Amino acid sequence: MRDHNPAKLQIHAVEVLESVSATCIVRCVGGLVRPGQRFTIEPADGSPGENFHVALDWIDRYGRRVDFFEQPHNARVHLSGSGVSLLEEGLTIISVESAVG
């Protein structure tokens, strides 16, 4: 069964920023968040952000790895991809469908 509500994460803090990965404290503000999801910037005009893609590698809640979380909860997450250098406090990112072959 497919979740039709995209996952949305608001960045609260960027704890560790490396060239292609980042560890962040986030709040889920929509949908169900799971490792493996890909995200882009949520634009104000409703079209997906260009040249910004990150993948969610893992979720940590209270010192333990979990398979998912939902709003209004917070978590520490690890993100990787070409867009990590643009992550900043207050930014909202939204999940995008990825082609699975």
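Keep in mind it's a predicted model, so treat the numbers as computed, not measured.
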Residues that Ser85 engages under side-chain contact (heavy atoms from CB on, under 4.5 Å), provided they are two or more places apart: none

Side chain proximity check, His12 to Arg27, heavy atoms < 4.5 angstrom: no

Atom of Val29, atom of Thr92 and distance for their closest heavy-atom approach: CG2-CG2, 4.3 Å

Those residues that, when tested against Glu15, pass side-chain contact (heavy atoms from CB on, under 4.5 Å) (two or more places apart): Thr23, Ile25, Arg76

Heavy-atom closest contact (Leu9 atom, Cys28 atom, distance): CD2-CA, 4.0 Å

Hphob cluster co-occupancy, Leu17 + Val26, side-chain heavy atoms under 4.5 angstrom: yes

Heavy-atom pair with the smallest gap, counting every atom of Ala75 and Arg61: CB-CG, 3.7 Å

Validation row: Leu79, Ser21 side chains within 4.5 angstrom (heavy atoms): no

Show me the side-chain donor-acceptor pairs of residues 62-73 shorter than 3.5 Å, one per line, residues at least two apart or across chains.
from	atom 1	to	atom 2	distance (Å)
Gln71	OE1	Gly30	N	2.9

Spacing of CZ belonging to Arg34 relative to CD1 belonging to Ile59, to within rounding of 0.5 Å: 9.0 Å

Cluster overlap Leu87 with Trp58, hydrophobic side-chain contacts below 4.5 Å: no

Partner set under side-chain hydrogen bond (donor to acceptor under 3.5 Å, both in side chains) for Asp57, not counting sequence neighbours: His78, Ser80

Contact list for residues 4-14, test salt bridge (Lys or Arg N to Asp or Glu O under 4.0 Å), sequence neighbours left out: Lys8-Glu42

Rounded distance (nearest 0.5 Å) linking atom CG of Leu91 with atom CD1 of Ile41: 5.0 Å

Gln37 side, atom CD; Ile93 side, atom CD1 - distance, nearest 0.5 Å: 9.5 Å

Non-hydrogen atoms of Val84 and Ser19 that approach each other most closely: CG2-O, 3.7 Å

Leu86 with Phe39, same ILVMFWY side-chain cluster at under 4.5 Å: yes

